[in-house]
Amino acid sequence: MVPSRQGDGGELYAHSEELEAKLRGLAKKESLEIEKLLENDKKTYGSHIKILILGGPSSGKSTIFKQMQIIHANGFKTEQELIQYRGLIDTNIRQMYRQLISGARVVGISLEPLESLVHNINKVYAPMDADEFSIRTIPDVVEPLTAFWNSREIQEVYKRRYEFELLDSTKYYLENLDRISKSDYLPNEEDIVHSRKATVTINSIVFQYTGVSLLMVDVGGQRSERKKWLHLFDDAKVVIFVIDLTGYAKKSEESRTELSRFPNFFKEIGNDAFDMKVALKIFNDVAGSHALANAVFLLFFNKVDLFKELLPQVSLQPCFSKFAEENSYDNTSKFICDKFIRAAKPKKSVFPHFTTATNTENIKMVFRACMESVFKANSKATGLS
Ligand SMILES: Nc1nc2c(ncn2[C@@H]2O[C@H](COP(=O)(O)OP(=O)(O)OP(=O)(O)O)[C@@H](O)[C@H]2O)c(=O)[nH]1
Ligand SMILES: [Mg+2]
């Protein structure tokens, strides 16, 4: 799948001078707002250790942020929060259904045999279409949508999911429709970390970790959101940089626009516009930033679960032409990891970790290991001793 493009003005930005000027004005206004927000943060949070979560679109930053809320704060408990997540999950499910239909067109699989199922599903969704907030996974949609999902055609389309845009949690939600459609359904933590909404705000939490107060900040990874990052770099001690491992197989429109701006960094563009290359470029920029010269970098190579599923189907070689080994997990993960570590040269403290952000236990364990290495790394530079 390619990242959701909600709220992204990327291509417009590249093509129109007038729009560019307008957006510059907006960015200035935005930067004043961010400064005000940070000023308030300082008042509220005092002198905490600041950890920034950065990375490309849809890499899993907010999922990690949610896990921190679950592990170190109160998690998601209020009815209002749960109802909001329920609405988001319902919207995600409808989105997945539509993406599978468009995907069938992209990969050239005819859905004619599913005509009556599609008709029945559309009949349920049609009255809700006028208002996004009214979208519900009602019991009437469960039977046709489950049959649609289990059909031979859609399973074939799903196998080729990296050729078109599809939400990562498609299988997870479409196999839990019975539970989700219950009238009193409220999402559990696992459901919540599988939901998807592109971040267009700056989210922060403060929590205690072994007696140290940490301020963790989550931002959006889409190009329009990355303009806000610079304002946050000052006094950040730790950067968690999240990389979507499946990005080696994805080519989003955003990646094409993005890479065409750096012809010297990436010699071959066009067919070569893989999301992982954009992530590499973003990481290279961030790691070279003066404001982050003393920060410890934790690299989270994320979506290990999906990466392992993908490896037997898609080779790493089209994305990285120098990769010439067998497409095993060990070979590919090492190759990708080396690429990023080399991009961080010359002097950085960089600690790589392999993660599945939707798995609370995995993130709990990785975070513990991270903090140990951070505390040990360079107490003078980080002020974490
Ligand atoms: N299966 C699986 N899904 C993941 C993993 N990490 C994240 N996801 C899913 O990937 C989708 C995108 O994750 P987000 O956390 O929203 O990504 P993000 O980096 O915050 O994206 P932006 O805010 O747009 O920059 C969500 O549906 C997550 O549930 C993972 O390790 N495994
Ligand atoms: Mg996010």
Side-chain angles (χ1 to χ4, degrees), residues 1-10 52-70 76 85 88-93 95-96 99 158 161-162 165-176 187-205 216-229 232 239-247 249-250 252-255 258 275-276 278-279 282-283 286 299-310 333 353-367:
M1 133 200 139
V2 293
S4 157
R5 304 181 47 75
Q6 247 171 293
D8 181 17
L52 292 182
I53 314 181
L54 306 177
S58 204
S59 53
K61 298 178 294 301
S62 300
T63 312
I64 288 159
F65 186 79
K66 284 178 197 162
Q67 294 288 14
M68 293 299 139
Q69 287 172 280
I70 291 168
F76 304 92
Y85 272 110
L88 176 60
I89 290 166
D90 287 330
T91 312
N92 282 172
I93 290 172
Q95 228 172 330
M96 291 160 182
Q99 288 173 334
Y158 183 69
R161 60 194 170 279
Y162 291 95
E165 182 169 359
L166 184 66
L167 290 177
D168 285 306
S169 304
T170 299
K171 186 171 193 291
Y172 178 82
Y173 287 138
L174 295 186
E175 296 194 345
N176 275 287
N188 60 34
E189 282 167 347
E190 201 182 356
D191 297 340
I192 290 174
V193 295
H194 277 88
S195 64
R196 164 70 183 149
K197 188 177 180 199
T199 305
V200 290
T201 50
I202 297 168
N203 306 312
S204 59
I205 50 163
M216 189 170 273
V217 184
D218 172 39
V219 291
Q222 294 181 337
R223 190 170 145 210
S224 51
E225 292 302 302
R226 297 203 293 273
K227 285 181 284 171
K228 301 174 186 170
W229 289 11
L232 300 165
V239 172
I240 295 180
F241 193 90
V242 190
I243 298 132
D244 175 358
L245 279 170
T246 66
K250 298 178 193 167
S252 63
E253 186 55 39
E254 178 163 331
S255 304
E258 189 76 16
D275 289 5
M276 190 169 278
V278 174
I282 299 172
F283 179 63
V286 168
L299 281 179
F300 279 22
F301 293 98
N302 191 40
K303 305 195 188 176
V304 165
D305 57 335
L306 302 176
F307 182 60
K308 283 184 173 167
E309 270 177 34
L310 184 63
S333 57
H353 294 273
F354 286 81
T355 58
T356 295
T358 42
N359 180 329
T360 307
E361 282 312 307
N362 177 252
I363 294 303
K364 198 188 277 181
M365 207 178 68
V366 169
F367 191 69

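Only this structure's heavy atoms are used, side chains among them; waters, hydrogens and symmetry mates stay out. Both ligands and their constituent atoms are indexed starting at 1 by order of listing.
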| said: Closer than 3.5 angstrom, by distance alone: can the side chain of N302 be matched with the main-chain N or O of D244 as a donor-acceptor pair? | reply: no
| task | Select one of side chain, backbone, both or neither to describe which atoms of L306 lie under 4.0 Å from any atom of ligand 1, heavy atoms only. | result | side chain
| message | Donor-acceptor pair, distance only, cut-off 3.5 Å: does the side chain of W229 make one with the backbone of G220? | response | yes
| Side-chain (Q222) to main-chain (A198) donor-acceptor, under 3.5 angstrom | no
| task | Would you check the N or O atoms of D168, main chain and side chain alike, for any that come under 3.5 Å of an N or O of ligand 1? | result | yes
| Is there a nitrogen or oxygen of V193 sitting under 3.5 Å from a nitrogen or oxygen of ligand 1? | yes
| task | Using distance alone, decide if ligand 1 has a nitrogen or oxygen within less than 3.5 Å of any nitrogen or oxygen in R196. | result | yes
| field | Per-atom contacts, ligand 1 versus G221 - under 4.0 Å to a heavy atom | value | 22 (P), 25 (O)
| query | Just which atoms of ligand 1 are under 4.0 Å from any heavy atom in P57? | reply | 25 (O)
| ligand 1 contacted by L167 (non-hydrogen, < 4.0 Å) | no
| query | Where the side chain of K66 meets the backbone of I192, is there a donor-acceptor pair that is under 3.5 Å apart? | reply | yes
| task | Please name the residue in the list R196, K303, R161 that meets the salt bridge (charged side-chain N to carboxylate O under 4.0 Å, His left out) test with D168. | result | K303
| query | Any idea which atoms of ligand 1 are less than 4.0 Å away from a heavy-atom of S169? | reply | 27 (O), 29 (O)
| query | Are the side chain of Y85 and the backbone N or O of F76 linked by a donor-acceptor pair below 3.5 Å? | reply | no
| query | Does any N or O in the side chain of Y173 come within less than 3.5 Å of the main-chain N or O of S195, such that one atom is a donor and the other an acceptor? | reply | yes
| field | T199 N/O/S atom closer than 2.8 Å to the Mg ion (ligand 2) | value | yes
| task | Please verify whether a non-hydrogen atom of G220 lies at under 4.0 Å from ligand 1. | result | yes
| said: Tell me if a side-chain donor or acceptor on Q67 pairs with a main-chain N or O of A357 at a distance below 3.5 Å. | reply: yes
| task | Give a yes or no on whether the backbone of T356 and the side-chain of D305 come within a donor-acceptor separation of less than 3.5 Å. | result | no
| said: With respect to the Mg ion (ligand 2), please indicate if T63 possesses an N, O or S atom at a distance under 2.8 Å. | reply: no
| field | N/O separation below 3.5 Å, T63 to ligand 1 | value | yes
| message | Using heavy-atom distances only, which candidate in S62, G55, S58, G60 approaches atom 20 (O) of ligand 1 most closely? | response | S62
| message | Can you name the atoms of ligand 1, numbered from 1 with element, that are less than 4.0 Å from a heavy atom of A357? | response | 6 (N), 30 (C), 31 (O)
| task | Over 60° means perpendicular and under 30° means parallel, so classify the ring planes of Y172 and H194, tilted if in between. | result | parallel
| task | Give yes if a backbone or side-chain nitrogen or oxygen of T199 is under 3.5 Å from a nitrogen or oxygen of ligand 1, and no if not. | result | yes
| query | Should S59 be counted as touching ligand 1, given the test is an N or O pair under 3.5 Å? | reply | yes
